[in-house]
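Excluded from the calculations below are hydrogen atoms, water molecules and symmetry mates; all remaining heavy atoms, backbone and side chain alike, are included.
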Amino acid sequence: MQTIRALNPLRETTAALRRAAGTGARLALVPTMGALHDGHLTLVRRAREMAEIVAVSIFVNPKQFGPNEDLDAYPRQLERDSELLVAEGVDLLWAPDITAMYPEGFATNISVEGVSAGLCGADRPGHFDGVATVVCKLFNQVAPDIALFGEKDWQQLAVIRRMARDLDLYAPLPNAIVGVPIVREADGLAMSSRNAYLSADQRKAAAALPRTMRSAIERLTIGHPAKDVLGTLSADVLAAGFDNVDYAELRDAASIELLAEPNDNARLFVAARIGGTRLIDNMAVG
Ligand code: PAF
């Protein structure tokens, strides 16, 4: 695996990898912020199935963290992450430093309206602008044929798909932005780099999140009114030891529009805080 930290060698390296892989070879990019877990490695394995060349980026993007969020505390473990990626047979690790990504005087912002409103967009102002801006840059830097993202960040995936469509980032390849289903721990908790912040007790309590979501979906499926079901879900999450429910909402999976009752394309979205840690999850309804 080649590890590259500056833009000029990156371009030479992707060109060389493409030449070596031959005509028609596809390059897949898995963008990450590091602190890799099995969820990320699942994306890498899927990328390997879909493309001849696999690149992973690791960049903790300051633009997607709010002033009171966990940018400084966010786990950084490049050496360990590199070892995991080597073991997965990754060809290229793109790990730019801050000045390679945001040189002095950087002044551009990409803002995607509509799908970025509500849910995490409401709780974390500017977050999706930061995500869209860095992902657009990553696409321009690495020039992949496809890019893979986890469905745990469903709204992020919707924002990236809309941006790619609106800016013609992937005009030649339909379905170039690939969503990969959530990878869960044995007790159902969605894998996340932020799970590392949880104490043993909080980690145990956190399993209530997917559990209450599944039981809410069962009640919705047999026709209970959504308002009652979502109220019970929030109460159950708090009773399990969470400190706050930021949102528990039904939304259309594609447009992210709020739904009063489930439709055929409905998804349940929850964000809740336990200690200082904010966990998110989403599941299809029906
Ligand atoms: O999902 C993430 O890890 C990040 O939001 C991403 C897509 C790598 C952009 O920084």
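Contact detail for A207 and D187: the closest heavy-atom pair is CB-OD2, 3.3 Å. The heavy-atom pair separating P31 from L138 by the smallest distance is CB-CD1, 3.9 Å. Contact detail for F242 and A205: the closest heavy-atom pair is CE1-O, 3.7 Å. Taking both residues in full, the closest heavy atoms of R161 and G179 are given as NH2-N, 3.4 Å, listed atom of the first, atom of the second, then distance. For the pair P144 and A28, the tightest heavy-atom approach, listed with the atom from each and the gap, is CB-C, 4.5 Å. The heavy-atom pair separating L233 from A248 by the smallest distance is CD2-CB, 4.2 Å.
Between L250 and V285, some side-chain heavy-atom pair lies under the 4.5 Å cut-off. When side chains are defined from C-beta on, I53 does not count as touching R26, because their heavy atoms never get closer than 4.5 Å. In this structure, the side chains of R76 and V60 come closer than 4.5 Å at one or more pairs of heavy atoms. Within the 4.5 Å cutoff, the side chain of V142 has heavy atoms near those of the L27 side chain. Contact check for V30 versus S57: no side-chain heavy atoms found under the 4.5 Å cut-off. When side chains are defined from C-beta on, L209 does not count as touching I274, because their heavy atoms never get closer than 4.5 Å. Looking at heavy atoms from C-beta onward, M50 lies in side-chain contact with V178 at the 4.5 angstrom threshold. P96 is not listed as a side-chain neighbour of L7, based on a closest heavy-atom distance of 4.5 Å or more.
Within a 6.0 Å sphere centred on CD of E79, heavy atoms belonging to other residues, nucleotides or ligands number 12 at most. Counting non-hydrogen atoms of other residues, nucleotides and ligands closer than 6.0 Å to CD of E113 gives a total of 12 or fewer. The local environment of CG in D201 is sparse, with at most 12 non-hydrogen atoms from other residues, nucleotides or ligands closer than 6.0 Å.
Using a 4.0 Å cut-off between a side-chain N of Lys or Arg and a carboxylate O of Asp or Glu, R48 and E88 do not qualify as a salt bridge. A salt bridge does not link R211 to D236: none of the charged nitrogens lies less than 4.0 Å from a carboxylate oxygen. With respect to the salt-bridge test (charged N to carboxylate O, under 4.0 angstrom), the residues R80 and E83 do not qualify. Between R219 and D228 no salt bridge is recorded (no basic side-chain N to carboxylate O distance below 4.0 Å). The existence of a salt bridge linking R267 and D281 is excluded, since no basic side-chain nitrogen approaches an acidic carboxylate oxygen closer than 4.0 Å. By the 4.0 Å N-to-carboxylate-O rule, R273 lies close enough to D246 to be salt-bridged with it.
Grouping the Ile, Leu, Val, Met, Phe, Trp and Tyr side chains by contacts below 4.5 angstrom, directly or via other members, places L167 with F149. Following chains of ILVMFWY side-chain contacts shorter than 4.5 Å, one can reach V229 starting from L259, so the two form part of one hydrophobic cluster. Side-chain heavy atoms closer than 4.5 Å link hydrophobic residues (I, L, V, M, F, W, Y) into clusters, and following such links, possibly through other members, connects V115 to V135. Residues L119 and M213 fall into different hydrophobic clusters, defined by Ile, Leu, Val, Met, Phe, Trp and Tyr side chains chained together at heavy-atom separations under 4.5 Å. Hydrophobic clustering (side-chain heavy atoms under 4.5 Å, transitive across Ile, Leu, Val, Met, Phe, Trp, Tyr) keeps M191 apart from F269.
Panel note: side chain D243, backbone G275; a donor-acceptor pair is recorded below 3.5 Å. With D70 contributing its side chain and A73 its backbone, the two residues share no donor-acceptor pair below 3.5 Å. Judged by distance alone, with hydrogens and angles left aside, the side-chain atoms of E185 form no donor-acceptor pair with the main-chain N or O of A190 at under 3.5 Å. Between the side chain of Q155 and the main chain of G118, a donor-acceptor pair closer than 3.5 Å is present. Side-chain atoms of W94 do not come within 3.5 Å of backbone N or O of I4 as any donor-acceptor pair. In terms of modelled atom types and a separation under 3.5 Å, the side chain of H40 and the main chain of H37 share a donor-acceptor contact. In this structure, D91 contributes its side chain and V54 its backbone to a donor-acceptor pair below 3.5 Å. The backbone N or O of N109 sits nowhere less than 3.5 Å from a side-chain atom of T133 that would complete a donor-acceptor pair. With hydrogens and angles ignored, the 3.5 Å screen pairs no side-chain donor or acceptor of D153 with any backbone N or O of Q156. In this structure, D81 contributes its side chain and L36 its backbone to a donor-acceptor pair below 3.5 Å.
The line from OH of Y74 to CZ of R194 is 5.5 Å long, rounded to the nearest 0.5 Å. To the nearest 0.5 Å, atoms CG (L43) and CG (L148) are separated by 6.0 Å. Separation of atoms CZ (R162) and CD1 (I177) is listed at 13.0 Å; rounding is to 0.5 Å. Atom-to-atom distance recorded for R184:CZ and K152:NZ is 9.5 Å, nearest 0.5 angstrom. Atom CG of L92 is separated from atom CG of L17 by 6.0 Å, given to the nearest 0.5 angstrom. Interatomic distance, CE of M163 versus OG of S116, reported as 11.5 Å (0.5 Å rounding).
A side-chain donor-acceptor contact under 3.5 Å links D97 and T99.
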key: I160/V131 under side-chain contact (heavy atoms from CB on, under 4.5 Å): CA gap, chis, key distance, verdict   = CA-CA 8 Å; I160 292 166; V131 170; 4.2 Å; yes
key: Evaluation steps, salt bridge (charged side-chain N to carboxylate O under 4.0 Å, His left out), between E69 and R124   = CA-CA 9 Å; E69 293 184 352; R124 305 180 68 190; 2.7 Å; yes
request  = Starting from the C-alpha separation in whole Å, work towards a yes-or-no answer on side chain to side chain donor-acceptor pair (under 3.5 Å) for N61 and Y102.
outcome  = CA-CA 10 Å; N61 175 33; Y102 297 123; 2.6 Å; yes
ask   = What do the steps show when you test L29 against I146 for side-chain contact (heavy atoms from CB on, under 4.5 Å), and what is the final call?
value = CA-CA 6 Å; L29 173 66; I146 57 170; over 6 Å; no
task = Assess whether side-chain contact (heavy atoms from CB on, under 4.5 Å) is satisfied between N282 and R251, documenting all intermediate values.
result = CA-CA 10 Å; N282 69 85; R251 298 234 167 198; over 6 Å; no
request  = List the steps and the verdict of side-chain contact (heavy atoms from CB on, under 4.5 Å) for M1 and T3.
outcome  = CA-CA 6 Å; M1 183 178 78; T3 300; 4.0 Å; yes
